[in-house]
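Residues: numbered from 1 along the sequence shown.
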Amino acid sequence: MAQIPNLDNAPINLASIREQSQKELLMILKNIRGKKCLVIDPKISGSLSLILQTALLKEHGVELRHLSAEPLQTECTKVVYLVSDQLATMRHISLHIHDNTSKGLQKEYYLYFVPRRSVACEQILKEEKVHDLLAIGEYPLYMVPLDEDVISFELNFAYKECLVDADTSSLWHIAKAIHRLELSFGLIPNVRAKGKASLDVAEILDRMQTEEPVNIDNVLPDISTLILLDREVDMVTPMCTQLTYEGLLDELLHVNNGAVELDASIMGAQQEGKKVKVPLNSSDKLLKETRDLNFEVVVQVLRQKATSMKQDYTDITTNNQTVSELKDFVKKLNSLPEMTRHINLAQHLSTLTSKPSFLGRLDMEHTIVESESYDISFEYIEEMIHKQEPLASVLRLLILFSVTNSGLPKRNYDYLRREILHSYGFEHMATLNNLEKAGFFRKQEMRSNWLTVKRALRLVVEDTDTANPNDISYVFSGYAPLSVRLIHQAIRSGWRPIEEILKLLPGPHFETKRGGLSRASSLESLSGGSASVDKAASGRRSVVLVVFIGGVTFAEISALRFLSSQELMEYDIIIATTKIVNGQTLLDPFVEKLS
């Protein structure tokens with residue numbers, strides 16, 4: 001199955017965005033005549049694999065290499081580097097050029113930054129005395145469609161850069177990506193934002209509209225509302241273990257660029273030590289059907305499908321079937337590889353999720369989220385540290401504990417910090433400093449307002465029905481993601497009705513209307529009477545673009561899809577994010593060892 005996702009059913013024409021990115025890259029290669037060696041930065045190779053297939057590059061006379069510190073082995077006289085703006089990358093390129101020069105090899109060098117040039121990187125090239133040997137340009141890949149309703153800006157370090165390094169350059173990148181969407185699909189008339197970074201993006205977006213205006217004369221925009229949300233507003237959700245099928249796949253196997261890489265033996269192959277890549281996108285019909293379900297239900301669905309197929313096989317071998325019935329059976333057989341793939345994945349996940357350690361952790365997460373017992377939670381984390389459980393697991397629970405308590409009392413904070421350094425080593429001091437600076441693990445300065453927020457937004461739902469859900473809380477088996485509750489409110493009636501609750505959460509909030517015709521022309525019009533009139537007039541559902549600055553989890557994506565699928569919801573949701581995260585991958589950039 002192709003890894004490039006099928007975008008045919010996207011609410012807006014995302015395929016055109018992907019085609020534009022393809023054309024821009026192929027144009028770069030076309031303009032460099034003759035055979036060439038394309039050296040790709042491993043950091044962007046995953047993004048490129050979602051834009052175009054390798055075969056297409058080879059058709060354009062391209063020899064492919066991955067960038068590394070090793071000398072470049074190629075017969076080609078033209079070398080094209082496609083790289084992100086990392087300083088270490090510039091050192092690798094400089095090494096290649098110096099190595100070739102020392103061997104008397106004459107080559108033409110081209111360097112394309114993705115998505116834009118960097119002054120700091122070019123300074124390194126000047127210091128290494130190779131800047132003048134390179135023709136430098138840009139490949140403006142600001143976003144990659146991961147699926148028919150999900151776009152990634154591929155900004156893995158944006159959250160840490162904003163919160164810890166005071167580097168907000170990624171916010172310009174996010175605004176640029178949204179502006180490019182507007183140039184294709186019209187100016188988005190309604191904007192709602194929560195969080196400091198979100199407000200900054202909204203301001204940059206307005207400046208871009210002044211400098212490079214989107215035509216608004218009698219143009220009905222395809223996207224009616226933009227909701228910008230800082231990850232910082234809701235750090236509870238990503239620290240909890242996701243319980244949807246796709247969420248668990250990410251938690252336990254790590255989904256990367258729309259695929260998981262795992263041992264072939266898990267997928268039933270008799271090849272020890274060999275890895276296989278399993279694509280995960282809506283081209284896989286069975287995944288599309290099951291990805292957003294609670295994992296308990298997925299196991300039942302797969303069992304029913306397998307039983308049904310077995311029954312069909314029995315019928316076919318024992319009864320005289322008509323040609324039409326045989327044809328239906330063969331159609332079902334075509335889905336057998338998909339079925340086998342997901343049964344293997346589900347079996348592996350079941351083995352991991354049935355362990356007492358996994359179930360114990362889930363119970364503790366619920367205890368912390370419900371603010372049931374401070375002492376029990378504290379002692380559980382203390383015991384994890386003394387048992388030297390993986391540091392990433394300890395930090396996730398510690399952050400969940402700290403965030404729901406608005407920090408820890410000084411005595412408890414100092415004690416846990418000291419115990420972590422004793423158990424895991426003093427080189428982790430930099431990590432703890434980063435977490436404190438970001439506000440994730442800190443001393444308590446005021447009383448926690450988590451209970452007020454939890455009750456007001458009904459974040460904990462008793463007796464959640466995971467099989468037939470009527471609420472988004474099914475994605476965490478009883479906890480409704482705070483972020484999605486806020487987004488639902490923003491779509492339904494704007495920020496005003498929950499103004500007092502918003503003030504209890506990190507960062508400012510605002511909402512505004514911008515010029516032009518609107519498919520949803522008032523704050524209340526996305527649901528209720530005016531929306532249905534609007535829909536009838538334009539012949540299509542309203543589209544809401546939700547942008548997560550700092551990352552979004554698969555469970556939140558599932559919850560938003562669930563909202564969009566409800567009968568009274570007259571809109572489609574497209575989710576855009578700096579990257580897709582789980583608790584561990586969100587924290588990875590903050591983890592820094594002192595050498």
Within the 4.5 Å heavy-atom criterion, are Lys36 and Cys76 side-chain neighbours or not? no
Is there side-chain contact between Glu246 and Ser558, with heavy atoms separated by less than 4.5 Å? no
Mark yes or no for whether Arg231, through its side chain, and Asp234, through its backbone, hold a donor-acceptor pair below 3.5 Å. yes
Ring pair (Phe, Tyr, Trp, His ring centres under 6.0 Å) contacts in which one or both residues fall within residues 102-143, not counting sequence neighbours: Tyr142-His173
Which pairs with one or both residues in residues 79-102 pass ring pair (Phe, Tyr, Trp, His ring centres under 6.0 Å), sequence neighbours excluded? Tyr81-His96
When every non-hydrogen atom of His60 is compared with those of Leu56, the smallest separation belongs to ND1-O, 3.0 Å
Where is the tightest heavy-atom contact between Asp147 and Asn6, given as atom of each residue plus distance? OD1-O, 4.4 Å
Please list all pairs passing the salt bridge (Lys or Arg N to Asp or Glu O under 4.0 Å) test where one or both residues lie in residues 96-111, with sequence neighbours left out. Asp99-Lys103
Please determine, by modelled atom types, if [X] and [Y] share a side-chain donor-acceptor pair under 3.5 angstrom.
X      : Y      : answer
Glu251 : Thr241 : no
Asn434 : Glu592 : yes
Arg291 : Asn281 : no

For the pair Glu70 and Arg65, evaluate salt bridge (Lys or Arg N to Asp or Glu O under 4.0 Å) and give the outcome as yes or no after the intermediate values. CA-CA 11 Å; Glu70 297 298 311; Arg65 295 282 184 277; over 6 Å; no
For Phe441, check ring-ring contact (aromatic ring centres under 6.0 Å, His included) against everything at least two apart and list the hits. Tyr413
Identify, with sequence neighbours excluded, every residue that meets ring-ring contact (aromatic ring centres under 6.0 Å, His included) alongside Tyr159. Phe440, Phe590
Just to verify, what does Glu211 make a side-chain contact (heavy atoms from CB on, under 4.5 Å) with, not counting sequence neighbours? Arg207
